[in-house]
2 protein chains.
Amino acid sequence: MKKTIHTREVSAHAGKTVTLQGFVHALRVQSKIIFLILRDVTGTIQVVIPESSHLFEHAKNLSLESVVRVAGLAKEEKNAPGGVEIHPDTLEVLSSSAPELPIPVVTLKGGDETESPTRFDFRWIDLRKPEKIKIFKIWTEFEKGFRKFWYENDFIQIYTPSFMSTPSESGADVFEVDYFDRKAYLAQSPQFYKQMAIASGFERVFMVGPVFRAEPSFTTRHLTEFTGWDFEVAYIDSHHDLMDLEERMIISGFQAVSHTFPEIALPIPTQPFPRIPMVEAKKILRRLRVISPEEHDLSPEEERALSVHVTKEMKHEFVFVTDYHKSMSAFYHMRHPDDPDRARRADLLFRGVEVTTLAQREHRPEILEKQAKEKGLKLEPLADYLNFFRYGCPPHGGAGIGPGRFIMSMLNLGNIREATFLPRDVKRLNP
Amino acid sequence: MKKTIHTREVSAHAGKTVTLQGFVHALRVQSKIIFLILRDVTGTIQVVIPESSHLFEHAKNLSLESVVRVAGLAKEEKNAPGGVEIHPDTLEVLSSSAPELPIPVVTLKGGDETESPTRFDFRWIDLRKPEKIKIFKIWTEFEKGFRKFWYENDFIQIYTPSFMSTPSESGADVFEVDYFDRKAYLAQSPQFYKQMAIASGFERVFMVGPVFRAEPSFTTRHLTEFTGWDFEVAYIDSHHDLMDLEERMIISGFQAVSHTFPEIALPIPTQPFPRIPMVEAKKILRRLRVISPEEHDLSPEEERALSVHVTKEMKHEFVFVTDYHKSMSAFYHMRHPDDPDRARRADLLFRGVEVTTLAQREHRPEILEKQAKEKGLKLEPLADYLNFFRYGCPPHGGAGIGPGRFIMSMLNLGNIREATFLPRDVKRLNP
C-alpha cells in the first residue's frame, strides 16, 4: 500500500510532502485558482491548484465524489480551513464518479436534506456524509465497551443458529424458509439457545447477531432484521442481579464512547439505575395525567412521560420498569414466589425508548410446562426447549439489548433506520 | 447473587468456609462415606460427606448432573485430587436431573464416546464435557485477538443484512424466504455490503455474522449456516496487501489464544506466510505425485499434501495459494493487468484446511459489467451492486474468514460440527 496520511494528520506534516486519498467533496473552479476539498474517513482538507499548475486543466474537469490520490506540499496557510492546505504535484483519479449524483453528499446551507426513502435507496452515497459515518464509528466503540465488560467478567461468546425447526413461542411474526425438503424458521431471538448454554454449564455467555421479526410494523423503532446483543447468566437470585450486571455493561459502553468522542458530551450514568415496579410506574403516570388503554403495559407516550419524570425527579436518563403482570410475561418468565401474578421481568428505558428487556427464566420443567399450558401453548413444538431443563439446569436469566435503539437515542436520530447500516423493513429489501 | 467461588479457586481458600455451585459430575456412595465430584465452568472439586454428616442420606439420593450449591470447609488433603476437598455443612439442590441421562457426560475409561448424531441431538449435555466447553472459550479468545487488531487499526464494525431482494451471483445454493408479499434471499456472504461500505468511504470495515449456504453438502467442513468474519479495506495495491493484513490478524488471534491457553502449545506463525501461485502449487503437487482432475483448483487431498509439503520445506503451518485462473474467479475479482487470465485472489490453507479466501475487487464498473457478462450473468439482478461503483469507489479488497474451520484445525477436531455450538446442516435443524 502507498504511504499515505489522513486529512486529520496533515497539520502535523506542515512543510512536508504528503500523499492523501479520498473523495472530491467540493470543487470551486475560478479563473485563476481551483479549490478542491478532499474528504476521507477522518475529515476534509483543502487542496489548492493555481492556474500555473500543470494540474489545472485536469482538476477543472473532475466530477464531485470521484476518488483521487493527491501528493504535494502541506503548507501552513492561515486563511485555509484548519490552517493548512495542500499544494499538489500530482493528482491521480482512482475512480471517476458519474457527473450527476442521484442524491447530494453536501447539502447546501439552508437546503433540505433529501427525503428519507430516496436517501435509503442510495444509502452508500447517503453514508458518505461525515456525521453519518460517525454513527458507525460510535457503534463500534459502544460494542467495544460492552465487550470489555464481557471479556473481563469471564463471559463466553457463542454463536447461535438463525435456523430453527419450529417457530419459538407462537408461530406469528416468524419468517419461514424453504429448507431443502422442509421448512425452517428464522430465530426471533437467540434466547432459547443462550439458555441451552446455561444448561450446558457455560455460566455466563454473550451473543451478537441478527434477530428476525416478521412484524408488519411501520414505526420509527421497528425493523424486520436488526442486530441484537444478548447475555445470559447462571446462579442469579432474581432479575435484580441482571439489572446490576447490565448497568455495568452500559456504563462500560458509555465510557468507551465518551472517551473516543468527547465532543458528543455523553453523560455516564451512575449506579444503581432507578428501578420502578410497573404498579408504581402506573401510579406516577396517573398523577402526571398520562393515560393508556393498557393496564399492564406502557404505551410509547407513557414511556416518554415516565423517562421525563425520572430525569427530572431522580436526575437519571435510565429507568428500569420492573415486575410485569403475568399477562405481559412469557411462559418462560419466572414469577415472584410471593406474588404469583408478577414476573421477574424488567424493561429498560433510555430517554423514553425501550432499549433492553430482561428476565429471570423459569428453570423448573414442571412449572415451565404449567405456565406454557396456561398461556395456551402446545407443548410439542416446545419439546426441544423443555428438554434443556430435565437434566439439571442452574437458575439463570438474561437480557436482549438493542444497540440500534441505544445509538438512535444516544445521538437523537429520531428513527432506528438512521442508526442502521442497511435497514430492512416491510417495504425495504434494497440495496 | 450469593457470594460463591469457582472450583479453580478452592485451593487459595484452604482452611476457610466457601460456597460452590455446579453439576454433580460423579457420585461414589460407599457405606461410610460419599465422594461427590462437583463440576463448574472452571473445573472439578471433590466434596466429601462422611456417614456422620446430616447430609449423608440427602447426598446418597442425588442424581448425576443435578445442580447443587455446597457450602463448607475447604480442607487440604493430600490424597484428594488437587490437594484440597470440601467438607460441606449445607447441600442444596438447585435443579434436579432426571435419573437416566440420554447420553453420559463422563465417558468411562476405555469406553467409546457416544456416536456423533446422538450427541448432537443432546448437544446441551454433550457440551458439558470440560474439553467441549473449552472449544468455545478458545473461540472467544481467538475473536478477541482479531478484534484487538481491528480496533487498533481503525476498522469500523458494520452489521450487514441477511435479507437480500435478489440472490447474489447465481441463484443456486441460496435460501428463499417468504417476505410479506414477496420473496427474499439469505445472504451467502456479506461481501457486497462490505464493498458498499468502501464506496461510502468507510476505508476499513469488519463484520461478524452468520452466512447461509443452501449447498447439499455432507462433508466434515460444510454447514448450511456458519459464522463468518469478514473484512474489507480501501486503497490497496493488490491482494498482497490483504495477505499482509490478514497475517497480522491471525497472529493477533493466535497470541490471544496462546496467552490464555498455554497448555495447547499453539505455535505463533511468523510473517510473511508462504505465498505460492496456483501454477507453482500444481507443479509441486505433480512432483509429489498428488493428482487432481481439476487443472485450476485444489482437491482436499491436494490441499493436505501442499500443507504437509510447506510445513516440511518452509517450516510454516500456513500457505496462501494465490493468483487463481479466471475460470476459478468470480466476476468481481480483479484480474492481473499483466496476465488477464489470472485473478488477484488467494486462499489460505492452515494445516491442510482452507480457512479464508480473499481478493482484490474490481471497482471499475465497465470492467465489472464486462466480466459479469463473460461469466454469463444477467446484469439486472446485479443492478444494485453495480451502482455502488458508479459514483466514485476506492480500489479495495477483503477476505472472508471461517473461524469454525480455524478452531477445528487448531484443536484437531476432525469435523466442523465439533467447533460449532449448534450445527445446522441438510439433515439437522434441532435442537
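The shortest distance between side-chain heavy atoms of B:Pro394 and A:Gln21 does not fall below 4.5 Å. Residues A:Arg182 and B:Leu429 form a side-chain contact, since some pair of their non-hydrogen atoms from C-beta on lies under 4.5 Å apart.
When heavy atoms are compared at a cutoff of 4.5 Å, A:Lys427 approaches chain B solely by way of its backbone atoms N, CA, C and O. Contacts of A:Arg147 with chain B are made by side-chain atoms alone, with heavy-atom separations under 4.5 Å and no backbone atom involved. Neither the backbone nor the side chain of A:Ser63 comes within contact range of chain B; no heavy atoms are under 4.5 Å apart. Neither the backbone nor the side chain of A:Asp121 comes within contact range of chain B; no heavy atoms are under 4.5 Å apart. For A:Glu215, the part sitting under 4.5 Å from any heavy atom of chain B is the backbone (N, CA, C, O) and nothing else.
Ranked by non-hydrogen atom pairs under 4.5 Å with chain B, the options A:Leu127, A:Thr420, A:Asp181 are led by A:Leu127.
Atom OG1 of residue B:Thr4 and atom OH of residue A:Tyr235 lie 8.5 Å apart, to the nearest 0.5 angstrom. Distance check, rounded to the nearest 0.5 Å: CG of B:Leu186 to CG of A:Leu186 gives 5.5 Å. Within the model, atoms CD of A:Gln157 and CH2 of B:Trp139 stand 9.0 Å from one another, a figure rounded to the nearest 0.5 Å. Atom CG of B:Leu422 is separated from atom CZ of A:Phe163 by 14.0 Å, given to the nearest 0.5 angstrom. Within the model, atoms CG of B:Asn430 and CG of A:Asn387 stand 10.5 Å from one another, a figure rounded to the nearest 0.5 Å. For the atom pair B:Asp384 CG and A:Phe122 CZ, the distance stands at 9.5 Å (nearest 0.5 Å).
In this structure, B:Lys144 is positioned above the aromatic face of A:Tyr151, its NZ or CZ under 6.0 Å from the six-membered ring centre and within 45° of the axis.
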Quiz item: Should A:Met1 and B:Val233 be marked as a side-chain contact (heavy atoms from CB on, under 4.5 Å) after you check the CA-CA gap, both sets of side-chain angles, and the distance that decides it?
Solution: CA-CA 11 Å; A:Met1 289 167 99; B:Val233 175; 3.8 Å; yes

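Taking the six-membered ring for Trp and thresholds of 30 and 60 degrees, A:Tyr179 and B:Phe175 have nearly parallel ring planes, at less than 30 degrees apart. Relative orientation of the B:Tyr391 and A:Trp124 rings is tilted, given thresholds of 30° and 60° on the angle between their planes.
A salt bridge does not link B:Glu65 to A:Arg390: none of the charged nitrogens lies less than 4.0 Å from a carboxylate oxygen.
Shown here is B:Lys148, whose NZ atom has no more than 12 heavy atoms of other residues, nucleotides or ligands within 6.0 Å.
In this structure, the ring of A:Tyr159 has its center no less than 6.0 angstrom from the ring center of B:Phe226.
Under the ring pair (Phe, Tyr, Trp, His ring centres under 6.0 Å) criterion, B:Phe206 pairs with B:Trp150, sequence neighbours left out.
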Anything under 3.5 Å between a donor and an acceptor, one on a side chain of residues 94-102 of chain A, the other on a protein residue two or more places apart or in another chain? List them.
| from | atom 1 | to | atom 2 | distance (Å) |
| --- | --- | --- | --- | --- |
| A:Ser95 | OG | B:Cys393 | N | 2.8 |
| A:Ser95 | OG | B:Cys393 | O | 3.2 |
| A:Ser97 | OG | A:Leu64 | O | 3.2 |

